[in-house]
Amino acid sequence: IDSNERRQIDAEMFALEHRGAAAEALYDYFFLGLPPALVAQWAVFVEPELGFAHYLLGLQLMGLGEWARAAEEIDRSLALGVPGPLFVRNAGRRLAVAAYRSHDLARVGKAIATLSGPGMATGDQLLAKDWQARLDFDARR
């Protein structure tokens, strides 16, 4: 299976195995078809130190075009920790987009650092260089 499918399976497994305050919300998010943005917000509310809940909320906010809030949530997810390297990779990629769209250069820098960090694939490291080149180009305009 490809990395996107693997990440989805890992996310569902995390939801099934989680025993914290957000356990029910995570189950609802993946398996009951409830409005995902509301369920992710609830997961953050009941377990604010769960990075995975912030990650899910950030993804949902991106889908709603709420770039600044999405960048904030994804950044928070990375600070708190997500379930594994596939989530770090995706969070870095999503953070770059949300932060860039909300003109949050500091968070684009965090995304670049994440994508160029140890253990990241060559493609992610090249993507980090691309984002840096984009910022450099914008600064020269």
Side-chain angles (χ1 to χ4, degrees), residues 1-23 25-141:
I1 59 176
D2 71 20
S3 62
N4 290 328
E5 292 169 325
R6 175 82 258 165
R7 194 177 60 249
Q8 182 65 30
I9 291 168
D10 290 349
E12 291 171 357
M13 290 300 299
F14 183 90
L16 290 171
E17 295 170 354
H18 187 68
R19 298 292 177 247
L26 293 177
Y27 182 86
D28 294 352
Y29 182 94
F30 287 102
F31 302 108
L32 291 188
L34 300 174
L38 293 176
V39 178
Q41 182 66 59
W42 181 251
V44 167
F45 178 76
V46 298
E47 195 169 342
E49 297 303 311
L50 180 62
F52 189 58
H54 291 274
Y55 169 86
L56 295 174
L57 180 56
L59 297 182
Q60 293 304 314
L61 291 169
M62 284 186 75
L64 297 172
E66 295 187 33
W67 305 113
R69 284 188 58 213
E72 181 181 328
E73 293 298 332
I74 296 168
D75 185 25
R76 181 86 175 128
S77 79
L78 287 167
L80 292 170
V82 289
L86 291 176
F87 295 96
V88 171
R89 176 184 188 187
N90 194 52
R93 290 176 170 200
R94 301 297 177 208
L95 178 59
V97 171
Y100 188 78
R101 288 194 165 196
S102 62
H103 310 287
D104 186 340
L105 300 183
R107 285 196 170 111
V108 176
K110 288 182 179 183
I112 292 168
T114 298
L115 292 170
S116 60
M120 297 304 280
T122 302
D124 295 307
Q125 293 175 356
L126 291 172
L127 184 59
K129 289 180 182 181
D130 180 69
W131 277 108
Q132 186 60 59
R134 190 177 308 203
L135 292 182
D136 294 344
F137 175 81
D138 289 349
R140 288 190 305 269
R141 291 188 331 165

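Each residue takes its place number in the sequence, starting with 1. When reading the values below, keep in mind they use all heavy atoms of this one structure, side chains included, and skip hydrogens, waters and symmetry mates.
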query: Minimum heavy-atom separation for Gly51 to Ser77, with atom names?
result: O-CB, 3.1 Å
task: May I have the step-by-step check of side chain to side chain contact (heavy atoms under 4.5 Å, CB included) for Leu115 and Leu126, ending in yes or no?
output: CA-CA 8 Å; Leu115 292 170; Leu126 291 172; over 6 Å; no
Enumerate donor-acceptor pairs with a distance under 3.5 Å from any side-chain N or O in residues 134-141 to protein atoms, sequence neighbours excluded.
residue	atom	partner	partner atom	Å
Arg134	NH2	Asp130	OD2	3.2
Asp136	OD1	Gln132	NE2	2.9
Asp138	OD2	Tyr100	OH	2.5

query: Is the number of heavy atoms from other residues, nucleotides or ligands within 6.0 Å of CZ (Phe45) greater than 12?
result: no
- request: Please round to the nearest 0.5 Å and tell me the distance separating atom CH2 of Trp42 and atom CG of Leu26.
  value: 13.0 Å
query: Has the side chain of His54 got a donor or acceptor atom that lies under 3.5 Å from a matching backbone atom of Pro48?
result: yes
message: I want to check something: taking the side chain as every heavy atom from C-beta on, are Thr114 and Asp124 in contact at a cut-off of under 4.5 Å?
response: no
- prompt: Is the closest side-chain heavy-atom distance between Arg93 and Arg89 below 4.5 Å?
  reply: yes
query: Quick one: CG on Leu127 to CE on Met120, what's the gap to the nearest 0.5 Å?
result: 9.0 Å
query: Between Gly20 and Glu47, what is the shortest heavy-atom contact and its length?
result: C-OE1, 3.3 Å
message: Tell me the closest heavy-atom pair linking Ala22 and Ala43, and the distance in Å.
response: CB-O, 3.8 Å
query: Asp2 and Glu5: which non-hydrogen atoms are nearest, and at how many Å?
result: OD1-N, 2.8 Å
task: Starting from the C-alpha separation in whole Å, work towards a yes-or-no answer on side chain to side chain contact (heavy atoms under 4.5 Å, CB included) for Val97 and Arg94.
output: CA-CA 5 Å; Val97 171; Arg94 301 297 177 208; 5.7 Å; no
Value rounded to 0.5 Å, distance of CG in Asp75 from CG in Leu80: 9.5 Å
- request: Mind telling me whether Phe52 and Tyr55 have parallel, tilted or perpendicular rings, with 30° and 60° as the class edges?
  value: parallel
- prompt: Does the pair Arg7 and Asn90 meet the rule for a side chain to side chain contact (heavy atoms under 4.5 Å, CB included), with working shown?
  reply: CA-CA 9 Å; Arg7 194 177 60 249; Asn90 194 52; 3.6 Å; yes
Minimum side-chain heavy-atom gap Phe30-Gln8 below 4.5 Å: yes
- prompt: Is it true that Arg76 and Glu49 make a salt bridge, defined as a side-chain N closer than 4.0 Å to a carboxylate O?
  reply: yes
message: With a 4.5 Å cut-off on side-chain heavy atoms, are Leu78 and Lys110 touching?
response: no
Less than 3.5 Å apart, which donor and acceptor atoms pair up between the side chains of residues 56-70 and the rest of the protein, not counting sequence neighbours?
residue	atom	partner	partner atom	Å
Gln60	NE2	Tyr29	OH	2.8
Glu66	OE1	Arg69	NH1	2.8
Trp67	NE1	Gly65	O	3.4
Arg69	NH2	Gln41	OE1	3.3

